[in-house]
**Student:** 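Handing you a structure now.
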Amino acid sequence: MAATLPRNAQVAEQFDLLADLLELEGEEQFRVIAYRRAADLIRSAAGPIARLALDGEAKKLPGIGKTIESKIVQIVDSGEIEALTKRKARIPSGVAEFLRLPALGPKTARRIWQELGITTVADLKRAAEAERLRTLPGLGAKTEERILRALAEKPQEKRTLLAAALPAVQAVVDVLREHPASTQVSEAGSVRRRTETVRDLDIIATASDPAALTDYLTKLRWVSEVEAHGKTKATVVSHDGLRFDLRVVPPDSYGNLLQHFTGSKRHNVALREDAVRRGLSVSEYGVKDVESGEVFTAVSEEELYERLGYQWIPPELREGAGELEAARRGELPKLVEVGDLRGDLHMHSTWSNDGKNTLEEMVHAARDRGYDYVAVTDHAHYLREGRFQAQWDEIAELAPRLEPFRILRGVEVSIRADGSVDMSDDDLAGCDWVMASLHSAFDKSPTERVLSAMENPHVDCLGHLTARKLNRRGGADLALDRVFEKAVDTGTLIEINSQPDRLDLRDVHARAAAEAGVQLVISTDSHELGALAYMELGVAQARRAWLTKKQVANTRTWRQLLKLKKP
DNA sequence: GCCGTTTTCGGCCCGACTGTTTTCAGTCG
């Protein structure tokens, strides 16, 4: 039974498709939005939504009511929402694909289907080429052109990793700040919220001479393409393919605009809905009192949130996931910061074949970052036949010279297909710190293997739990709620891995883990000196997960941490 | 379809841009 529960992603996909099809049928907009919202919510839920629905608990989530809950149960029972099955029979599958094309919304897609009888993307292309779309009133040459251009483009470029976006946007912000015309410059958008990947990089500024600033951006050396260039707005693409969007705004509503362009969309919608209930209308230009017509503008975000009755909300929390309610009550958590970390507990050296720097170099670099301790966690399979003892000898020789900084004897073991780990109990018993990770066979009962690894009394922490790789693979299908429960029972810690393409646990899962009572560790899994700085990414992820210093084990001294972990 | 410090009915975020139009619907973020 439990093994066959549909994944949240599959459930969400059905609701999204149902929303598309209803929209094509001209269904009322708010029903459609309700399904899309539910899909969104389900996709980011940590536990299996199907189990909640079966228990009648799903409708307690905001945005899911009796109807949607019963539709989730239909998916469990018969594999598909009944209403979806019905509509799939009525609407050709190709028509829903039209909606993915720019400038093609449901109204237009429906007319193309019903009035021209076009039901596949291939036919749509042919019709556009034959200039047949413009026979419909309201459609013209430009629309045909746009459709053809979109179809010619390569499908779905990859999203930019935060690790690439962050230094790039910071560099551009710095450059713009130096320009004499600029007064205030800030990153905005998803990069400011520190989402794990971003599509484009938003920057907001105020300036004495806005046109001079947008002009300056378009003429910077590294700009390869100028997509838009006006007096208050410019979009440029860099040689490495990053898209920057600069908006220059009036100084007296800088707070309103920074808030608006930081998003997220979900956060802004929730904020505005809440404002409407209080007789206020919020836009990027100001807060209007509907009754008196008075408009309040804010020079800072702090002012704006205060006017609306909230604590200032850190950008990392602005995802419409309960932050407004918490901020209204003044109960936002004090989020963990990079400076809180006392040590890095996942790091490789040349003792692992894929490590680029020696143990000595890595350890020195960790100490230079100001940590109190570091765990050397090379891969177990490179430490056979005396090599483990040899590594310990090196550590023993090095350690006294660095005191009081502490080098921990660690190891990263792999969780095998049978749930055992690839190092003997004797060797493990000599370690200060043991990480256990999935490295292969991700589809072979991953949950049971992870649960079994946690039963091992030597395993202190799970590394990169789902083993996902951003832009490459989705990660193991784990029953995370069971994993978190077992982690609490056994006293096993769970890592937030800071590698740019891992960031695993992801934000919503880390939040669920902490809420379940799991202690988390933020570590870098460094294979070279420069990677130690990835701690910033892991911390950003932790902040998106609402984590406080207390919920992150390696904000403690090693002595304190010893009391938390398995004996 | 969801939801409730006016409401179990009647609301549901806001504005810009675009293309095709003579005043706006559709799409997008």
Side-chain angles (χ1 to χ4, degrees), chain A residues 15-16 18-42 58-72 81 83-84 98-112 133-147 149-150 188-190 193 198-202 204 227-228 230 232-233 235 243 245 247 249 253 256-257 259-288 290-291 295 308-309 320 324-325 328-329:
Chain A
F15 281 107
D16 266 334
L18 181 59
D20 284 350
L21 297 184
L22 287 173
E23 208 172 23
L24 283 167
E25 290 194 324
E27 180 57 71
E28 197 221 349
Q29 194 56 27
F30 294 109
R31 254 183 97 198
V32 173
I33 289 172
Y35 284 128
R36 294 236 165 88
R37 277 189 179 188
D40 233 32
L41 183 77
I42 290 165
K59 57 178 167 305
K60 289 189 181 154
L61 298 171
I64 294 184
K66 261 165 61 180
T67 308
I68 289 183
E69 179 170 276
S70 76
K71 284 178 159 55
I72 299 170
I81 302 169
L84 180 60
F98 295 175
L99 300 177
R100 310 282 163 259
L101 296 167
L104 267 198
K107 302 267 167 40
T108 317
R110 181 175 190 205
R111 292 180 57 207
I112 291 173
L133 297 184
R134 66 183 70 174
T135 60
L136 289 180
L139 291 190
K142 290 260 171 91
T143 307
E144 288 173 342
E145 218 174 278
R146 263 210 277 184
I147 288 171
R149 207 177 329 127
S190 52
R193 302 198 313 276
V198 303
R199 204 183 54 224
D200 39 33
L201 306 170
D202 292 305
I204 291 288
E227 287 198 350
T232 61
K233 191 187 145 165
T235 303
R243 183 190 319 276
D245 208 347
R247 285 160 205 263
V249 304
S253 57
N256 304 84
L257 280 141
Q259 194 282 327
H260 172 78
F261 286 112
T262 297
S264 67
K265 181 176 171 154
R266 237 203 291 181
H267 174 81
N268 285 354
V269 168
L271 178 127
R272 289 164 179 198
E273 283 175 348
D274 198 23
V276 166
R277 287 192 281 275
R278 288 156 213 273
L280 300 170
S281 171
V282 177
S283 81
E284 56 264 55
Y285 302 107
V287 180
K288 186 160 128 192
V290 175
E291 205 163 315
V295 176
L308 295 172
L324 289 168
E325 294 82 345
R328 171 83 61 203
R329 296 191 304 265

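Quick note on labels: first sequence line is chain A, next is B, and so on, each numbered from 1.
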**Student:** Quickly work out the Y35(A) OH to dC3(B) C1' distance and round it to whole Å.
**Tutor:** 16 Å
**Student:** Mind calculating the distance between NZ (K60(A)) and P (dC3(B)) to the nearest angstrom?
**Tutor:** 14 Å
**Student:** Does R111(A) use its side chain to pair, donor to acceptor, with the backbone of P137(A) at less than 3.5 Å?
**Tutor:** yes
**Student:** Please give, in whole Å, the distance from dA25(B) P to L139(A) CG?
**Tutor:** 16 Å
**Student:** Between dC14(B) and dC9(B), how many Å separate the two C1' atoms, rounded to a whole number?
**Tutor:** 25 Å
**Student:** With a 3.5 Å distance limit and no angle check, can you tell me whether E144(A) reaches the backbone of L133(A) through a side-chain donor-acceptor pair?
**Tutor:** yes
**Student:** Quick one: R278(A) CZ to dT6(B) P, roughly how many Å, whole number?
**Tutor:** 9 Å
**Student:** Looking at dC2(B) and F30(A): do their rings stack (centroid distance under 5.5 Å, interplanar angle under 30°)?
**Tutor:** no
**Student:** Taking the side chain of E273(A) as its heavy atoms from C-beta onward, which of dG15(B), dC13(B), dC3(B) lies nearest to it?
**Tutor:** dC13(B)
**Student:** For dC13(B) and S283(A) - does any side-chain N or O of the residue sit under 4.0 Å from the phosphate oxygens OP1/OP2?
**Tutor:** no
**Student:** How is V282(A) classified with respect to the nucleic acid when contacts are heavy atoms under 4.0 Å: base, sugar-phosphate, or nothing?
**Tutor:** sugar-phosphate
**Student:** Quote, to the nearest angstrom, the C1' distance that separates dG19(B) from dG11(B).
**Tutor:** 32 Å
**Student:** Could you say whether V269(A) or G65(A) is positioned toward the 5' end of DNA chain B, judged by the nucleotide with the nearest heavy atom to each?
**Tutor:** G65(A)
**Student:** Taking the side chain of V276(A) as its heavy atoms from C-beta onward, which of dC14(B), dG26(B), dG1(B) lies nearest to it?
**Tutor:** dC14(B)
**Student:** Rounded off to whole Å, could you give me the CG-to-P distance for the L104(A) and dT18(B) pair?
**Tutor:** 17 Å
**Student:** Given the P atoms of dT22(B) and dG26(B), what is the spacing between them in whole Å?
**Tutor:** 14 Å
**Student:** On a heavy-atom basis, which atom in G263(A) and which in N268(A) lie closest, and how many Å separate them?
**Tutor:** CA-ND2, 3.7 Å
**Student:** Using the C1' atoms only, state how far dC2(B) lies from dT8(B), rounded to an integer number of Å.
**Tutor:** 12 Å
**Student:** How would you label the contact of L101(A) with the nucleic acid (heavy atoms, under 4.0 Å): base, sugar-phosphate, or nothing?
**Tutor:** sugar-phosphate
**Student:** Identify the two heavy atoms, one from A188(A) and one from I204(A), that lie closest to each other, and give their separation to 0.1 Å.
**Tutor:** CB-CG1, 3.8 Å
**Student:** What contact category does A275(A) fall into here, base, sugar-phosphate, or nothing, at under 4.0 angstrom with non-hydrogen atoms?
**Tutor:** nothing
**Student:** Nearest to the side chain of R31(A), heavy atoms from C-beta on, is which of dT20(B), dG1(B), dC13(B)?
**Tutor:** dG1(B)
**Student:** Using whole Å, report how far CG of D274(A) lies from C1' of dC12(B).
**Tutor:** 13 Å
**Student:** Please name the nucleotide paired to dG15(B) by Watson-Crick or G-U wobble geometry with both distances under 3.5 Å, or report none.
**Tutor:** dC28(B)
**Student:** With C1' as the reference atom in both, quote the distance from dT6(B) to dG10(B) in angstrom, rounded to an integer.
**Tutor:** 12 Å
**Student:** Between R277(A) and L61(A), just flag the one whose closest nucleotide in DNA chain B comes earlier from the 5' side.
**Tutor:** L61(A)
**Student:** Taking the minimum atom-to-atom distance to the side chain of T108(A), which one of dC13(B), dG15(B), dT27(B) wins?
**Tutor:** dT27(B)
**Student:** So does R272(A) get a side-chain nitrogen or oxygen closer than 4.0 Å to the phosphate oxygens (OP1/OP2) of dC13(B)?
**Tutor:** no
**Student:** In whole angstrom, what separates L136(A)'s CG from dT21(B)'s C1'?
**Tutor:** 16 Å
**Student:** Give a yes or no answer on whether the side chain of R243(A) reaches the backbone of R199(A) with a donor-acceptor pair at less than 3.5 Å.
**Tutor:** no
**Student:** Using atom C1' in both nucleotides, what's the gap between dT18(B) and dC12(B) to the nearest angstrom?
**Tutor:** 26 Å
**Student:** Taking the P atom of each, how far is dC13(B) from dC3(B), in whole Å?
**Tutor:** 14 Å
**Student:** Between R31(A) and E23(A), is there a donor-acceptor pair closer than 3.5 Å when you use the side chain of the first and the backbone of the second?
**Tutor:** no
**Student:** Regarding dC12(B), can its base be found pairing with the side chain of E28(A) as donor and acceptor, where the two atoms are less than 3.5 Å apart?
**Tutor:** yes
**Student:** How many whole angstroms separate atom NZ of K107(A) from atom C1' of dC28(B)?
**Tutor:** 14 Å
**Student:** Remember a base hit wins even if backbone is also touched, and classify R199(A) as base, sugar-phosphate or nothing at under 4.0 Å, heavy atoms.
**Tutor:** nothing
**Student:** Can you tell me if the side-chain N/O atoms of Y285(A) get under 4.0 Å from OP1 or OP2 in dC13(B)?
**Tutor:** no
**Student:** dT21(B) and dA25(B): how far apart are their P atoms, nearest whole angstrom?
**Tutor:** 14 Å
**Student:** Name the closest nucleotide to the K71(A) side chain, picking from dC13(B), dG1(B), dG19(B).
**Tutor:** dG1(B)
**Student:** Nearest to the side chain of K265(A), which nucleotide is it out of dC3(B), dC13(B), dC2(B)?
**Tutor:** dC13(B)
**Student:** First locate atom CD of Q29(A), then atom CZ of R36(A), and finally report the distance between them rounded to the nearest 0.5 Å.
**Tutor:** 7.5 Å
**Student:** R328(A) and L308(A): which non-hydrogen atoms are nearest, and at how many Å?
**Tutor:** NH1-O, 2.8 Å
**Student:** If the cut-off is 4.0 Å, is S281(A) near the phosphate of dC14(B), judged by side-chain N/O to OP1 or OP2?
**Tutor:** yes
**Student:** Nearest of dC2(B), dG29(B), dT20(B) to any side-chain atom of I68(A)?
**Tutor:** dC2(B)
